[in-house]
Amino acid sequence: MHRLNAWLRRHPMVIDSVWAAMVLFVGVLPENGSGNSGWRLGVHFAVAVLLPLLMVFRRRFPDATVAAAGLIGFTQVLLDVTPAISSIAYLVFAYTGAAFGRPWTSRFALLGGLAAGPLVYWRLHPQKIESVTDSDVHYVSYSAPEALLIIGLMTTPFILCWAWGRLTRVRRAYLVELEDRAARLERERDAQSKVAVAAERARIARELHDVVAHNVSVMIVQADGAAYVLDNSPQQAKEALSTIASTGRQALVEMRRLLGVLRSADSKGEEYVPQPGVEELPELLDQVRTAGLQVDFATSGHPRELPRGVELTVYRIVQEALTNVRKHGGPDVHARVAVDFGERELAVLVEDDGRGSTDEQLASGGTDGQGHGLIGMRERVGMVSGSLDIGPRPGGGFRIRAVLPLKAA
C-alpha cells in the first residue's frame with residue numbers, strides 16, 4: 001500500500017483521470033441533460049466531455065485548464081444551458097487555480113467562484129411554488145433575502161474549494177521549505193565536518209613535524225658525538241652511527257605519514273614542544289581523576305618503545321575519549337582505560353558506564369551535531385593505518401577501541 005501511494009504521488013495524472021472518468025460517466029447519462037433541449041442539449045454533452053478532459057491535465061497545465069474551464073462556464077451561462085451534475089468539475093478548477101496556478105490564475109479562480117452564484121441565479125431565474133390548483137401550478141419569484149441566500153449557497157462551495165487550494169499551496173510551500181532547510185543543515189554539517197578534518201590534519205601535521213624534528217636533532221647530536229670520539233673511542237662512534245641509522249629510519253617512517261597532510265598557514269611561528277606519549281598516560285589519568293572522574297588504568301603484554309607517531313596517537317585518543325566521558329557520560333560515571341602491547345599491534349580500549357549514545361546520534365555527528373572529537377580520532381588512527389571501533393557499550397555506556405599496527409618486537 002505504501003509503494004502504491006508513493007507511485008500515485010509521482011503520477012498524479014492517474015488519479016485525475018479516474019475522477020475525470022467518473023465525472024464523464026455521470027455527465028453523459030441521458031437523464032442528466034433533461035433540463036435542456038434542442039441545440040442546448042448538444043452544448044450540454046459537449047461541456048460534459050470537455051470538462052473531464054481538462055481535469056486530466058489540470059496539474060500539468062493549471063493556468064490553461066483553469067482559463068479554459070472559466071471560458072466554458074461563462075459560455076454555458078450565456079447560452080442559458082442548465083447546469084448538470086458534470087458542473088461539479090468547476091469546483092475542481094477553483095481548487096486547481098488556487099493550489100497550482102500562478103497568482104493571476106488564483107485571482108481568476110476566486111473571481112469566477114464569486115461570480116458563479118449571481119450569474120447562474122440571474123440566468124436561470126429560479127421560482128418557487130405559491131399555490132397549486134386543480135388546473136395549474138402558480139410560481140412566483142424569490143424575495144431579495146431569499147435570492148441572496150440562494151446565491152450565497154451556490155457561491156460558498158466555490159469559495160471553500162478555493163480556500164482549500166490556498167491551504168494546499170501554503171502547506172506544500174512549507175514542506176518544500178522544510179526540505180530545503182534540512183538539506184541546507186546537512187550541507188552545513190558536512191562542511192563543518194570537512195573543516196574539522198582539515199583542522200585536525202593540520203594539527204597532526206604540526207605534531208608529526210615535531211616528531212621528525214626531534215629525530216633529526218637526535219641524529220645531529222649523535223653525529224657530533226661520533227665525530228668527537230671517532231679517534232679515541234671507535235666503539236662509541238659505532239654505537240652513535242647505529243643510533244643515527246635507526247633514528248633516520250624512524251624519521252623516514254614519520255615523514256611518509258606526514259606527506260599529503262597540509263600544514264595550516266596560521267601555524268607559522270608556533271613554538272614546538274615535546275609531544276606526549278604512552279609514558280605520560282598516568283599523568284593524564286591523574287589530572288582526570290583530580291577533575292572528578294573515576295578512571296582505572298591497566299596495561300598488558302610487553303611494553304616497549306614505540307614510534308613517536310603511534311605514541312602520540314594513543315595519548316590523543318585516550319585524552320579525547322576521557323574528555324567525551326566528562327562531557328556526555330553523566331553523573332557518577334566510571335571509566336576504564338586498557339592498553340595491550342601485542343606482537344604486531346597495539347590495542348587501546350576506553351569504555352565507561354555512563355549514558356552512552358545511540359547509532360543515530362553517531363551517524364548524525366554526535367549529540368551536539370559536531371562530532372569533531374570522533375572525527376579527530378578517525379583521522380589519527382588512519383594516519384598510522386589502524387582501525388577504530390566506536391559505539392554503545394553492551395550493558396550501557398560508551399566504548400572506543402583502537403588497534404594500531406606495530407612491527408614485531
Side-chain angles (χ1 to χ4, degrees), residues 19-20 22-24 26-29 31-52 54-55 58 62-132 136-170:
W19 287 110
M22 296 173 61
V23 173
L24 177 63
V26 298
V28 298
L29 291 177
E31 60 272 14
N32 196 21
S34 58
N36 301 287
S37 61
W39 61 270
R40 287 187 178 87
L41 184 60
V43 174
H44 159 75
F45 284 112
V47 172
V49 173
L50 289 176
L51 290 180
L54 293 176
M55 286 179 60
R58 66 184 184 91
D63 303 320
T65 53
V66 171
L71 180 61
I72 293 174
F74 185 71
T75 304
Q76 186 176 356
V77 172
L78 288 181
L79 298 178
D80 198 14
V81 178
T82 304
I85 299 179
S86 59
S87 298
I88 196 175
Y90 292 120
L91 299 176
V92 176
F93 290 107
Y95 168 85
T96 302
F100 305 106
R102 297 179 183 178
W104 70 265
T105 307
S106 178
R107 290 191 292 267
F108 177 78
L110 177 60
L111 293 176
L114 292 173
L119 286 175
V120 173
Y121 184 86
W122 164 74
R123 196 62 179 173
L124 296 181
H125 302 292
Q127 296 176 329
K128 63 179 179 178
I129 299 175
E130 183 183 49
S131 62
V132 179
D136 193 10
V137 178
H138 184 61
Y139 295 91
V140 297
S141 299
Y142 287 98
S143 63
E146 292 173 336
L148 291 177
L149 178 61
I150 294 175
I151 292 174
L153 291 177
M154 288 189 293
T155 305
T156 299
F158 290 94
I159 304 304
L160 292 179
C161 289
W162 184 88
W164 184 17
R166 291 297 299 177
L167 290 176
T168 302
R169 178 189 289 271
V170 172

*Intermediate values then yes/no, side-chain contact (heavy atoms from CB on, under 4.5 Å), W39 and L79*: CA-CA 10 Å; W39 61 270; L79 298 178; 4.0 Å; yes
*How many angstroms lie between CD1 in I151 and OG1 in T156, if you round to the nearest 0.5 Å?*
11.5 Å
*asked:* Let's go through T75 and L71 carefully: what are the C-alpha distance in whole Å and the side-chain angles of both, what is the deciding distance for side-chain contact (heavy atoms from CB on, under 4.5 Å) to 0.1 Å, and is it a yes or a no?
replied: CA-CA 6 Å; T75 304; L71 180 61; 4.3 Å; yes
*When rounded to the nearest 0.5 angstrom, what distance separates CG in L51 from CD1 in I88?*
11.5 Å
*Whether R58 side chain and F93 backbone form a donor-acceptor pair below 3.5 Å*: no
*Minimum-distance pair of heavy atoms, taken over all atoms of D63 and R102*: OD1-N, 3.0 Å
*Gap between atom CZ of F45 and atom CG of L50 - 0.5 Å precision*: 13.5 Å
*Mind listing the closest non-hydrogen atom pair of Q76 and S87 along with its distance?*
NE2-OG, 4.0 Å
*asked:* Quick one, I159 and L110 - any side-chain contact, counting heavy atoms below 4.5 Å?
replied: yes
*Which pair of heavy atoms, one from R166 and one from A98, lies closest together, and at what distance?*
N-CB, 3.7 Å
*Taking every non-hydrogen atom, the tightest pair across A94 and A109*: O-CB, 3.9 Å
*Of all the heavy-atom pairs spanning L119 and V77, show the shortest one and how long it is.*
O-CG1, 4.0 Å
*Under a 4.5 Å cut-off applied to non-hydrogen side-chain atoms, are P118 and T155 in contact?*
yes
*Once you round to the nearest 0.5 Å, how far does CZ of F108 lie from CH2 of W104?*
7.5 Å
*Where is the tightest heavy-atom contact between A48 and L24, given as atom of each residue plus distance?*
O-CD1, 3.5 Å
*How long is the gap from OH on Y121 to CG on L148, to the nearest 0.5 Å?*
8.5 Å
_Side chains of Y95 and T168 in contact at under 4.5 Å (non-hydrogen atoms)_ = yes
*Checking W19 side chain against A89 main chain: does a donor-acceptor pair fall under 3.5 Å?*
no
*asked:* Determine whether I72 and L54 satisfy the following criterion, side-chain contact (heavy atoms from CB on, under 4.5 Å), listing intermediate values before the conclusion.
replied: CA-CA 11 Å; I72 293 174; L54 293 176; 3.9 Å; yes
